[in-house]
There are 2 protein chains.
Amino acid sequence: MKIDPASPADLSAQIAKAIRDAIIAGELIVDERLPSEAELAEQFAVSRSTVREALKRLAAQSLIRTQRGAFGGAFVNRLSYADAYGQQITTSTLLLSMNAVRFDTACEARFALERACAPLSAERRSADHLATMRAEIFRQKQPGLTDEAFCASDVTFHRALVDGAGNPVLSYQLAGAVEAMQPLMNMITFTARSREAIVALHGAIADAVEVRDGPAACDGLSALESYTVGLARSIMEDRARRGK
Amino acid sequence: MKIDPASPADLSAQIAKAIRDAIIAGELIVDERLPSEAELAEQFAVSRSTVREALKRLAAQSLIRTQRGAFGGAFVNRLSYADAYGQQITTSTLLLSMNAVRFDTACEARFALERACAPLSAERRSADHLATMRAEIFRQKQPGLTDEAFCASDVTFHRALVDGAGNPVLSYQLAGAVEAMQPLMNMITFTARSREAIVALHGAIADAVEVRDGPAACDGLSALESYTVGLARSIMEDRARRGK
DNA sequence: CAATTTTCATTTGTCAGACATTTAAAAGTC
DNA sequence: GACTTTTAAATGTCTGACAAATGAAAATTG
């Protein structure tokens with residue numbers, strides 16, 4: 001691992017990259033201890049503060065964890081599904097909010113991906129997954145539920161559908177698509193009638209998953225996509241008219 | 001934005017979280033300048049080094065960028081698709097390599113997601129996307145191509161298919177699934193016969209996309225998935241036998 | 001007056017050294 | 001042998017300093 005003191009980039013960024021590359025290349029394996037900050041400082045011929053900034057960068061990506069005390073130090077971290085989920089959700093959410101992504105673009109992506117899961121989920125879902133879906137549908141019927149709570153329940157429902165496929169890699173990939181939609185959905189005010197329509201579609205999807213009918217689940221998702229996009233569009237147009 | 005000096009977590013992690021939350025909540029908007037390190041140090045009642053470590057954490061997630069000099073400082077960064085792609089690929093790759101994910105699990109996720117794109121891509125792909133797919137097929141036919149180059153071309157082919165859907169959010173979500181498979185694919189040694197089979201399936205997919213036949217493209221992807229999983233399995237079994 | 005150069009204040013990047021805190025192993029004690 | 005104390009090693013934090021970059025303002029020049 002070498003760095004170039006003449007490079008325009010910050011030393012701490014270069015050092016972080018060198019260590020990151022070593023981890024990705026497998027030169028540093030999970031739970032292996034990195035040299036102490038003092039040793040790294042000597043190796044790279046920089047000060048300890050510079051090394052520390054590099055290590056903090058890696059910690060922010062969950063690539064290492066640090067432990068204080070004797071025999072402590074920085075250890076290569078096993079990237080857990082939970083960590084990866086979190087990063088995926090943060091990145092997706094910010095990507096959507098900072099780039100003025102159209103509602104229907106995000107919605108299309110989300111439902112296309114969910115339809116990819118639906119046949120697998122219909123085939124493999126456990127009783128638990130189905131129970132969660134039913135419970136969330138029940139919750140969504142409650143009057144007096146705030147829009148935020150309704151959206152949160154919507155996310156839980158769809159996550160249960162995705163998780164039903166029993167493929168953690170798929171669940172990880174979908175986490176961003178499903179969760180990042182929530183802030184966009186929160187911009188919608190749901191009327192009693194629109195909630196009723198959505199709950200009915202959720203029911204149809206749950207029914208399809210219950211009888212292990214993948215294509216029917218896909219159809220339900222497609223119908224939900226059309227309805228959601230139409231709902232958002234009519235609300236946006238309404239706001240534009242009032243804005244005049 | 002407040003921090004709790006009595007919390008068990010590091011101060012720099014707390015400060016990073018406080019700023020990150022402010023960005024996500026929209027309290028700090030894109031291109032807005034954060035207070036200088038000295039001012040932040042005063043606000044949070046910590047030293048400048050602690051503030052710097054917090055800022056480096058945020059920089060590692062592409063949430064801020066820094067600029068030296070007068071009127072420089074830390075600015076809230078617009079998370080670009082390119083940055084998001086990169087993070088997604090790094091995270092996905094590490095997740096697969098560090099968690100001993102089975103080849104067929106990752107493969108199933110990847111092809112399920114690609115099938116989600118196929119109908120959209122068949123409908124909307126430009127001539128460019130199709131040309132890229134054809135060019136990569138041509139490249140894959142070249143004798144003397146290394147396995148690494150074959151896999152890289154495979155990734156390019158599939159990315160063209162995904163990008164053909166014309167939905168950047170979808171492309172972003174798929175980036176991880178497609179690219180993270182490459183290290184796993186690189187573990188396979190491709191015989192002339194297996195390459196021929198794969199290239200033929202690529203051709204079938206390209207044909208389907210050319211005539212805008214989404215279902216046929218999906219079928220091609222399914223066939224490719226079965227073939228790839230079978231190939232990997234037979235190679236693994238072969239290695240296990242020889243290992244005896 | 002306009003264009004160019006110089007100065008200058010501000011801010012990040014890096015360094016050195018110090019002390020506090022945590023932690024587990026090692027030594028000591030009963 | 002079980003418990004307590006000591007100790008060494010490591011990270012976390014603070015202070016103060018200087019280097020380097022950078023854009024604005026001031027000075028200079030034609």
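For the numbers below, each heavy atom of this structure counts, side chains included, while hydrogens, waters and symmetry mates do not. A note on names: the letters A, B, ... follow the listed sequences, proteins ahead of strands, and every chain is numbered from 1.
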Next item on the list: May I have the distance from A:Ile64 (atom CD1) to D:dA10 (atom P), rounded to whole angstrom?
Entry: 16 Å
Next item on the list: Let me know the distance between CZ of B:Phe44 and C1' of D:dG12, rounded to the nearest Å.
Entry: 18 Å
Notebook entry, point to check: Rounded to the nearest Å, what distance is computed from the CZ atom of residue B:Arg68 to the P atom of nucleotide C:dT12?
Noted result: 11 Å
Margin query: With rounding to the nearest 0.5 angstrom, report the CD to OG distance, B:Glu42 to B:Ser36.
Written below: 9.0 Å
Check: Hey, mind stepping through B:Thr50 and B:Ser47 against side chain to side chain donor-acceptor pair (under 3.5 Å) and telling me if it holds?
Finding: CA-CA 5 Å; B:Thr50 304; B:Ser47 72; 3.3 Å; yes
Notebook entry, point to check: Going from CG on A:Leu174 to CG on A:Asn167, what distance comes out if it is rounded to the nearest 0.5 angstrom?
Noted result: 9.5 Å
Next item on the list: Would you mind checking if B:Arg110 and B:Asp154 are paired as a salt bridge, meaning a charged N to carboxylate O distance below 4.0 Å?
Entry: yes
Notebook entry, point to check: Taking only N and O in the side chain of B:Arg52, is any of them less than 4.0 Å away from OP1 or OP2 of C:dG13?
Noted result: yes
Item checked: B:Asp10 CG to C:dA20 P, straight-line distance once rounded to whole Å -> 19 Å
Next item on the list: Can you tell me the distance, in whole Å, between the CD atom of A:Glu53 and the P atom of C:dC15?
Entry: 10 Å
Notebook entry, point to check: Does A:Arg48 put a side-chain nitrogen or oxygen below 4.0 Å from OP1 or OP2 of C:dC15?
Noted result: no
Check: Nearest to the side chain of B:Glu37 - D:dT13, C:dG13, C:dC15?
Finding: C:dG13
Checklist line | Integer-rounded Å distance: D:dG16 P and B:Glu42 CD | finding: 14 Å
Next item on the list: Would you kindly compare B:Ser49 and A:Phe71 by the position of their nearest DNA chain C nucleotide and give the one closer to the 5′ end?
Entry: B:Ser49
Next item on the list: With DNA chain C as reference, determine whether B:Ala70 or A:Ala13 sits nearer its 5' end, using the nearest nucleotide of each.
Entry: B:Ala70
Next item on the list: Using whole Å, report how far CD1 of A:Ile15 lies from P of C:dG13.
Entry: 14 Å
Next item on the list: Would you tell me if any nitrogen or oxygen in the side chain of B:Ser12 comes within less than 4.0 Å of OP1 or OP2 on D:dG12?
Entry: no
Next item on the list: Classify the nucleic acid contact of A:Arg65 as base, sugar-phosphate or nothing, counting any heavy atom under 4.0 Å across all strands shown.
Entry: nothing
Next item on the list: Starting from C1' on D:dT11, measure out to CG on B:Leu11 and report it in whole angstrom.
Entry: 13 Å
Check: According to the interplanar angle, ranging from 0 to 90°, do the rings of A:His158 and A:Phe111 count as parallel (below 30°), tilted (30 to 60°) or perpendicular (above 60°)?
Finding: perpendicular
